[in-house]
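Side chains included, hydrogens not; waters and symmetry mates left out as well; all remaining heavy atoms used. Per chain, numbering begins at 1; letters A, B, ... match sequence-line order. Because the structure is predicted, anything quoted here is derived from the model rather than measured.
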Amino acid sequence: MSAGTALTPILHVDMDAFYASVMTRDRPDLQDVPVIVGGGYRGVVLSANYLARRSGVRSALPMTRARRLCPEAVVVAPDYPTFETVSASVRENFRQVTPLVEVLSLDEAFLDVRGAGRRLGDPVEIAERLRSTIHDEQGITCSVGVAASVSVAKLASRRAKPDGVVVVPPDAITSFLHPLDVGELWGVGEKTQAMLHRLGLITVGDVAHTPVRTLQRALGDHLGRHLHELAWGVDRRVVSARNVGVFGGGDPDKSMGAQETFGRDTDDREVVLREVLRLAARVTTRMRVAGVAGRTVALTVRFADFTTITRSRTRAEATDVTQEVYATATELYDALGLQRARIRLVGVRVEGLVPRSSVHRQLVLGEPEHGWSDADRAVDRAVGRFGKAAVQPASLL
DNA sequence: TCTGGGGTCCTAGGACCC
DNA sequence: TCTGGGGTCCTAGGACCC
């Protein structure tokens, strides 16, 4: 193993145009045409292949604009179960390299291969072997960034795209980072980039050579310090198999929610509340499967002009009961006192989740012994046996 | 037919408590 | 009593990520 790569044990593996690659891999007819994954009414682009990107199509772009930019593109609806399957197989490939895998999303992960060197070779050899395994088994390509820290590895993988590997040795970190636009840094989005540009800070090098106090005044204590450190390649964040977010085996979720954009805007309270009930049922069903309950219920309302508000209320005790979440969300909605406001989207979220086993409910005087909670569990059993369509709250029928 | 859905984290003000 | 101050909870909003 060369001394250089032994000092760069962090891999960031990122599938290339993941959704688009998966949707087209078994479709010879889609190999040489621009492809956009997304669609649906009022939707956005989830992913686009490299031919479509050449026309300026990017993820999160409204579909209407994407079609205008690339009218010849084939639009394909996403197939999430297949994405999950492919993603699980790839994660298994990762775990054969090291147990230190931090899954960021369906198509991205950090690997710490510090302990794998003797067995599997240096980090670059490991990266290349993973790439060919994934290509052979899944028929899709990925790119890998190799560096001493997660933030630099993440930037390196972007440079490696598509279908490549980029290594940033420790002595090349600042020469790699400093020419990049500040917007490339992980955690700098549109707003922060614009703010930094207004201050005349265009490149990562500009940020590196700005006093921390100045950055903190503009961006707040935390972000200011954080960006200054990132600009010098200082990143104490470690690859943690615990931080796996939505996927199994990691830290539990802190909140669960669901939201839905209406096919067309509505000002009808009945229509909105029927959707709120549907969302409350969806969320609490997931909570009961996960064995969690939460005290805070948050309602999101987005109006026709895209302004978005949230209102939340913390209940005395944690709940996973559909009717209780629905009741709180309804109170929050009615407290808005809306008069004919055009509503585009509603969302329901339950926060402050704790294991259900840690919740001991006070018996409220007059509360039926077998109340809504038992009703929910009966619904869950029926859904488990007969499928989602079998049981719905009465007002959804 | 402009702008999805699932999350996390940070900030800031006010209440409240010691 | 020339009004301090810290810690925690709650709420609302905003930025960001994939």
Side-chain angles (χ1 to χ4, degrees), chain A residues 12 14-15 17-19 36-47 58-69 77-78 80 83-84 87 102-110 150-151 154 157-158 183-196 216 218-227 230 237 243-247 250-265 279 282-283 286 290 294-316 328 332 335-336 344-353:
Chain A
H12 179 252
D14 199 344
M15 303 299 131
F18 180 59
Y19 293 174
I36 297 173
V37 180
Y41 198 61
R42 300 187 130 181
V44 297
V45 175
L46 289 166
S47 177
R58 292 167 293 99
S59 21
L61 206 65
M63 283 300 299
T64 46
R65 285 187 58 196
R67 287 180 200 269
R68 230 176 299 143
L69 283 168
Y80 287 101
F83 300 153
E84 295 277 358
S87 183
E102 180 172 335
V103 178
L104 296 179
S105 68
L106 283 179
D107 71 332
E108 251 187 278
F110 289 118
V150 296
S151 66
K154 172 119 170 124
S157 71
R158 197 178 305 174
E184 302 263 333
L185 290 177
W186 200 17
V188 176
E190 205 179 338
K191 306 287 179 169
T192 306
Q193 182 189 36
M195 160 76 81
L196 290 167
Q216 288 178 316
L219 305 171
D221 284 358
H222 183 90
L223 189 57
R225 169 163 299 282
H226 184 60
L227 291 192
L230 287 186
R237 193 179 180 292
N243 298 333
V244 299
V246 286
F247 302 105
D251 288 345
D253 284 337
K254 298 178 176 173
S255 70
M256 286 191 190
Q259 59 181 47
E260 182 101 355
T261 298
F262 293 110
R264 46 190 304 198
D265 300 344
L279 296 169
R282 199 185 296 168
V283 170
R286 284 174 52 209
R295 284 179 63 206
T296 303
V297 176
L299 177 79
T300 299
V301 176
R302 174 170 296 152
F303 298 103
D305 68 356
F306 224 71
T307 58
T308 307
I309 60 172
T310 67
R311 292 291 181 270
S312 63
R313 180 166 298 178
T314 300
R315 302 169 53 93
T328 301
L332 290 166
L336 294 174
R344 178 188 179 88
L345 164 149
V346 283
V348 175
R349 176 165 293 278
V350 181
E351 302 169 350
L353 301 185

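- The closest side-chain heavy-atom distance from A/Pro78 to A/Phe83 is below 4.5 Å.
- When the C1' atom of B/dC2 is taken as reference, atom CE of A/Met63 falls 12 Å away, rounded to whole Å.
- Atom NE2 of A/His226 and atom P of B/dC9 are 13 Å apart (whole Å).
- The residue A/Arg315 sits apart from the nucleic acid: no heavy atom pair falls under 4.0 Å.
- Residue pairs satisfying the side chain to side chain donor-acceptor pair (under 3.5 Å) criterion with at least one member in residues 186-196 of chain A, sequence neighbours excluded, are listed as follows: A/Asp181-A/Gln193.
- For A/Arg295, counting side-chain heavy atoms from C-beta on, the closest listed nucleotide (B/dG6, C/dC10, B/dG4) is C/dC10.
- Side-chain contact between A/Gln216 and A/His222 is absent, with no heavy atoms from C-beta onward closer than 4.5 Å.
- Along DNA chain B, the nucleotide nearest A/His222 and the nucleotide nearest A/Tyr41 are compared for position; the residue whose nucleotide lies closer to the 5' end is A/Tyr41.
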**Complete:** Parsed dot-bracket for DNA chain B after applying the Watson-Crick and G-U rules with both distances under 3.5 Å and | for other-strand partners is ....||||||||||||||

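- Considering only side-chain atoms of A/Thr64, the nucleotide from B/dG6, B/dT1, C/dC10 that sits closest is B/dT1.
- Between A/Glu351 and A/Lys254, no side-chain nitrogen of the basic residue sits less than 4.0 Å from a carboxylate oxygen of the acidic one, so the salt-bridge criterion is not met.
- The residue A/Met256 sits close only to the backbone: its heavy atoms come under 4.0 Å of sugar-phosphate atoms, none of a base.
- Annotated as syn: C/dT3, whose glycosidic dihedral is within 90° of 0.
- Across all strands, A/Leu61 comes closer than 4.0 Å to no nucleic acid atom at all (heavy-atom distances).
- Following rounding to the nearest Å, A/Arg67 (CZ) and B/dT1 (P) show an atom-to-atom distance of 12 Å.
- For A/Thr328 and A/Arg313, the side-chain atoms include no donor-acceptor pair closer than 3.5 Å.
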**Item:** Protein proximity profile, nucleotides 13-18 of chain C - base contact B, sugar-phosphate-only contact S, no contact -, cut-off 4.0 Å on heavy atoms
**Value:** S-SSSS

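- The separation between A/Leu299 atom CG and C/dA12 atom C1' is 13 Å, rounded to whole Å.
- Using a 4.0 Å heavy-atom criterion, one finds that A/Arg313 contacts the sugar-phosphate atoms exclusively.
- Heavy-atom distances to DNA chain B give each of A/Gly220 and A/Leu279 a nearest nucleotide, and the one nearer the 5′ end belongs to A/Leu279.
- Here A/Arg42 lies in heavy-atom contact (under 4.0 Å) with sugar-phosphate atoms only.
- Candidate nucleotides B/dG6, C/dT11, B/dC2 were compared by shortest atom distance to the side chain of A/Ala258, and B/dG6 ranks first.
- Side chains of A/Thr296 and A/Thr314: a donor on one and an acceptor on the other come within 3.5 Å.
- In this structure, the CE atom of A/Met195 is 14 Å from the P atom of B/dT11, given to the nearest Å.
- OP1 or OP2 of B/dT3 has at least one side-chain nitrogen or oxygen of A/Arg344 nearer than 4.0 Å.
- A donor-acceptor distance shorter than 3.5 angstrom exists from the side chain of A/Arg295 to the backbone of A/Arg315, with no hydrogens or angles considered.
- Residue contacts for A/Arg302: at a heavy-atom cut-off of 4.0 Å it reaches the sugar-phosphate backbone alone, with no base atom in range.
- Here the side chain of A/Ser105 pairs no donor or acceptor atom with the backbone of A/Val103 at under 3.5 angstrom.
- Relative orientation of the A/Tyr19 and A/Tyr80 rings is perpendicular, given thresholds of 30° and 60° on the angle between their planes.
- Nucleic acid contact class of A/Thr261 (heavy atoms, under 4.0 Å, all strands): sugar-phosphate only.
- Within 6.0 Å of CZ in A/Arg225 there are 12 or fewer heavy atoms belonging to other residues, nucleotides or ligands.
- The CD-P distance, from A/Glu84 to B/dG6, rounds to 13 Å in whole Å.
- Here B/dT3 presents its P atom at 14 Å from CG of A/Leu46, a figure rounded to the nearest Å.
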